[in-house]
Amino acid sequence: MGTLLSAQAPQEYSHLSKKTGFSLEQIEVLHKRFKQLSQDEDVLRKEHFNGIPDLACNPISAQITEAFFDQRNFCNNVAGKVDEISFEEFLLVLSHFRPPSQHLKEEDRENVRKEKLRFLFNMHDTDNDGTITLEEYRHVVEELLSHSGALGKETAKGIADAAMLEVASISVGQMRPDEFYEGITFEHFLKLLAGFEIESRMNIRFSKNTFTMCK
Amino acid sequence: MLPRIAPFNRTGFARTVPELGLLLLAILVLLEGSVLPLGAASTPETNTHGEANRSGAVEGHSNHTKKAFPVLSFNYESVKLPFEISLWVLLAFLMKLGFHLVPRLSGIVPESCLLIVVGLLVGGLIRLAREEVPPVLNSKLFFYCLLPPIILDAGYFLPIRPFMENLGTILMFAVVGTLWNAFFVGGLLFAICLIPQTPVLNIGLLPCLLFGSIISAVDPVAVLAVFEEIHINELLHILVFGESLLNDAVTVVLYHLFEEFALVGSVTVLDGFLGIISFLIVALGGVLFGAIFGFLAAFTSRFTSHIRVIEPLFVFVYSYMAYLAAEMFHLSGIMALIACGAVMRPYVEANISHKSHTTIKYFLKMWSSVSETLIFIFLGVATVEGPHEWNWVFVTATVILCLVSRVIGVVGLTFVINKFRIVKLTTKDQFIIAYGGLRGAIAFSLGFLLDEHHFKMRNIFLTAIITVVFFTVFVQGMTIKPLVELLAVKKKQEAKRSINEEIHTQFLDHLLTGIEDICGHYGHHHWKDKLNRFNKKYVKGFLIVGERSKEPQLIAFYHKMEMKQAIQMVESGGGSKLASAMPSTVSMQNIQPKNQAAPLKPKERALPQLSKGREEEIRKILRTNLQRTRQRLHSYNRHTLVGDPEEEGIKDLILKKQMRIELDRKIKEMANHLTVPARTQDSPTMRRARLASDPQSFTVKPSADGVPVIQVDLASPQSPDSVNLFDETGQPAQNDDQGLMMKTKSSESDKRSEKDDLRDQQKLMRCLSDPGPAAEEDEDEPFLP
């Protein structure tokens with residue numbers, strides 16, 4: 001996208017709108033935000049994310065930032081990380097948080113669920129081997145509890161272990177004592193969060209008027 | 001009892017116990033019906049008797065005539081009031097018992113209907129005895145004694161998360177919906193009264209509107225009673241229920257407004273404007289009062305660590321005071337109660353002891369249960385009593401208009417609301433919301449409060465209100481269950497909150513907040529997060545005692561989960577299934593990574609892995625040996641209280657904790673005597689032996705499969721903390737190792753080990769029944785150190 005974005009806006013936006021599912025007004029608002037975050041550059045880098053004050057208080061800010069630069073979330077099957085993202089990729093990541101439209105058939109709804117759960121899975125599976133190992137899961141829990149101080153470390157381990165046990169019990173059931181449960185695969189993850197109703201919970205309201213934050 | 005009746009009951013009406021119970025109840029109802037008029041009738045006798053006595057005494061005093069000393073006298077007057085109250089409460093309890101003894105009936109007809117019928121019967125009996133029916137549904141009694149427990153129960157156990165998420169929708173239904181209902185019904189009734197053909201019904205506009213405002217409010221008591229039994233999904237439940245709670249503010253304002261102005265006869269625009277302001281004050285003021293008292297209660301509970309016994313009292317008294325204070329200023333008492341309960345709950349629960357928590361839960365459920373039962377019975381009695389004035393046109397018009405306005409209101413509002421909701425309300429949802437708009441006793445009591453002199457049409461109103469109440473409770477109450485089945489409305493998921501779901505709930509919260517921040521959008525998650533941070537930083541430190549204030553929610557949840565699991569394990573008796581009810585042999589070693597990436601010395605690598613795995617299993621075992629501890633369920637269904645028979649679990653909690661600490665310490669120094677375990681199933685003989693040998697019904701569950709067993713033998717004559725270590729050959733190893741040790745079994749030594757098991761289990765029980773050194777320790781410390 002060039003610097004004369006406003007002139008190209010209509011076609012670009014409609015192309016993006018088709019690809020990501022956002023409406024034209026939403027794309028315009030998000031574009032403004034993109035510009036604000038990237039300080040008028042064309043690409044976003046990780047440092048730009050670090051400049052958001054409220055994000056710093058978030059215990060999983062690092063993982064959220066990582067998720068934006070993870071190629072798996074760009075709706076293609078490429079893996080790996082990039083250092084900078086364009087507006088289109090920014091929108092692609094955000095499109096995971098769009099609420100599903102009201103009149104969806106059951107299988108479409110299922111696809112939406114899978115997509116959202118895939119996003120979460122990618123966030124946990126940092127080494128991109130297709131499974132969430134115990135270590136990765138422990139890391140997740142530790143990050144969640146990272147703002148609670150010394151209390152966190154040991155109990156985080158315990159919680160992660162218990163959670164892993166539960167996944168294994170649900171997914172595999174019977175295991176001989178010398179078998180080893182590799183990690184949570186995507187199917188197990190789906191099974192685990194089957195009752196979670198993620199398609200109605202993992203949504204952000206991309207309204208027409210967003211408050212712009214001044215820094 | 002049974003053999004006596006059997007001879008003439010071959011075909012068996014009273015063949016089964018439940019039917020016998022019902023027969024007993026019917027007899028009791030008759031008794032009840034006859035005692036009350038008897039009581040009323042006996043008063044003149046005792047009065048004269050008293051008088052005679054007095055005059056006799058006076059005379060006696062001057063003449064010293066000797067009378068026979070009254071060996072047995074009957075004085076009903078002095079105990080009349082408490083006696084009658086107790087009799088009513090007893091009746092209520094027995095009715096409830098009766099309905100649960102006959103499951104067939106309670107499956108078809110909701111309890112509220114049955115209770116109203118009982119009330120009708122009792123009222124009828126009293127009438128038959130030609131006595132005056134006591135005005136039981138006295139408005140004062142209702143509003144000050146019967147209603148608060150129900151509302152407090154609802155508010156204390158209100159599920160905050162879904163309530164807050166749907167608050168906008170709930171408020172729309174409560175405020176706009178009720179206003180619409182009131183004006184629609186009132187206006188159209190007035191229009192009907194104006195039609196010249198109707199029998200003379202000289203009711204002005206303002207009384208009509210007053211009536212509309214009384215009849216329009218959805219009643220929380222009726223909604224609770226009916227919805228409790230149908231188990232619909234959480235969203236619908238909270239929408240209808242929340243609406244019924246929050247519309248109280250609207251009802252209060254409209255009622256007072258129209259009552260005032262009906263006397264004056266006209267309303268100006270200024271009055272309307274003042275009405276709006278009044279509404280805001282009533283609603284917000286009520287909430288404010290509730291919040292203040294809630295914070296006071298939370299603050300007080302901070303200091304109660306030395307007098308645990310009176311902790312529940314604080315909860316009840318502060319809440320009741322909030323209610324009364326709000327009523328004093330004509331603010332919304334219901335909203336005050338809800339706010340009080342909801343505000344104080346997280347802080348109070350962190351501060352009070354387990355026993356107090358259980359007490360509060362049980363008392364609230366008990367009182368609200370009794371209240372609800374009494375309300376419905378009294379409704380029945382009051383119906384019989386009257387005063388009635390039946391007017392076909394008015395009554396049928398009211399019923400039809402209520403239904404119509406409810407449907408139109410819900411449909412119209414949902415249309416508007418769906419524009420703002422992420423999860424839209426479907427047509428099915430709308431139908432259930434409309435159909436669930438039940439009216440109840442509050443409407444009746446408000447009607448009762450009307451002054452007879454100012455409102456000559458009071459009787460007509462009362463009749464109409466009762467008809468609507470009966471209609472909604474009977475017709476809608478009875479048919480809603482089959483309709484829910486028919487429409488396949490989503491039912492409440494028996495949510496077993498797993499640790500994974502909790503982790504992901506938290507994760508999702510933070511994720512969504514982060515995304516909102518990135519988008520620069522100050523949305524709902526952003527504010528919720530800000531509130532949570534404010535709460536954690538300032539409020540919790542102030543209101544919660546000790547280090548509980550810093551415990552993050554995930555950890556608190558984890559502790560609760562562990563306790564729940566322990567209880568489930570214990571309650572499942574000798575079964576070796578895990579709490580997830582799925583037969584699973586997965587244990588810690590299955591998920592521990594075999595090859596650590598970090599460079600560890602080989603010797604070290606073996607030990608930490610195994611010991612961690614064992615640690616987990618040891619924790620599980622200790623947990624299984626934990627007796628009935630309390631679980632902190634949040635339940636807003638009166639019938640889901642888990643039985644909690646053992647009250648002595650606290651000592652075991654302490655002992656277990658100590659044992660755990662000991663064990664953790666000693667595991668580190670353990671020698672490598674561990675092999676792969678394969679524990680056998682618990683045999684019935686062992687279970688019986690265990691249960692038989694101990695007065696407190698312990699269920700020492702051996703363990704899940706693949707888990708080693710600790711034999712702690714504090715009663716042995718050897719060193720105080722040692723166990724006999726058995727290796728695979730079954731011979732006792734040397735006891736030079738100090739400290740607790742792990743005992744493992746292999747499948748070969750099954751038969752031999754059973755007997756040993758028996759002996760060791762008994763020793764284990766004995767040691768567990770010993771309270772240990774510091775039984776007076778405060779039981780409030782967190783489960784895990």
Side-chain angles (χ1 to χ4, degrees), chain A residues 30 33 36-37 49 52 54-55 57-61 64 94 97 99 102 120 123 133-135 140-141 144-145 147-149 151 155 158-159 161-170 172-181 192-193 195-196 200-207 210-213, chain B residues 418 422-424 426 493 495 498-501 503-508 510-526 529-530 533 547 550-552 554-555 558 561-562 578 580 582-594 597 612 616 619 676-678 706 784:
Chain A
L30 286 170
R33 179 65 183 160
Q36 195 182 28
L37 281 177
F49 280 94
I52 305 175
D54 281 323
L55 199 58
C57 310
N58 200 319
I60 55 170
S61 52
I64 298 178
L94 285 179
F97 294 91
Q102 193 175 9
L120 278 186
M123 280 187 84
T133 60
L134 185 61
E135 275 309 312
V140 170
V141 180
L144 267 183
L145 294 175
H147 280 206
S148 58
L151 209 34
T155 330
I159 295 177
D161 293 346
M164 202 68 176
L165 252 184
E166 195 183 71
V167 179
S169 317
I170 293 179
V172 183
Q174 306 286 341
M175 282 183 83
R176 289 198 318 278
D178 51 355
E179 278 181 349
F180 177 59
Y181 180 65
L192 185 68
L193 293 181
F196 204 54
S200 40
R201 291 172 77 158
M202 185 163 147
N203 297 315
I204 295 279
R205 206 185 296 274
F206 292 101
S207 64
T210 59
F211 298 102
T212 51
M213 298 203 302
Chain B
N418 269 345
I422 296 182
V423 180
K424 320 270 181 210
T426 65
Q493 285 172 312
S498 66
I499 187 84
N500 277 296
E501 288 195 355
I503 290 177
H504 280 100
T505 307
Q506 297 264 310
F507 191 81
L508 206 58
H510 290 299
L511 176 64
L512 291 174
T513 311
I515 298 284
E516 277 192 356
D517 291 331
I518 290 176
C519 294
H521 171 62
Y522 281 157
H524 149 81
H525 287 97
H526 178 91
D529 190 61
K530 267 213 155 71
R533 266 186 281 144
E547 61 171 47
K550 302 198 191 57
E551 197 179 53
L554 188 58
I555 296 184
Y558 179 57
M561 271 250 332
E562 288 196 313
L578 282 178
S580 64
M582 273 185 230
S584 164
T585 50
V586 176
S587 60
M588 276 307 296
Q589 71 220 48
N590 292 118
I591 63 177
Q592 289 284 351
K594 285 228 175 72
K612 277 204 186 62
E616 184 61 45
R619 280 206 199 123
V676 173
L784 290 176

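Naming convention: chains lettered A, B, ... in sequence-line order (proteins, then strands); numbering from 1 in each chain.
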*Could you tell me the separation between the CD1 atom of Ile515(B) and the CE atom of Met202(A), rounded to the nearest 0.5 Å?*
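It is 8.0 Å, given to the nearest 0.5 Å.
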
*Separation of Leu511(B) CG from Ile204(A) CD1 (nearest 0.5 Å)*: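 Going from CD1 on Ile204(A) over to CG on Leu511(B), the span is 8.0 Å.
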
_Residues which pass side chain to side chain contact (heavy atoms under 4.5 Å, CB included) with Ser61(A), listed by chain and number, not counting sequence neighbours_ =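 Leu55(A), Asn58(A).
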
*Can you say whether Leu512(B) sits under 4.5 Å from chain A via the side chain, the backbone, both, or neither, judging by heavy atoms?*
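Both parts, heavy atoms under 4.5 Å.
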
_Does any part of the side chain of Ile64(A), heavy atoms only, come nearer than 4.5 Å to the side chain of Asp517(B), both counted from C-beta?_
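They are not in side-chain contact.
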
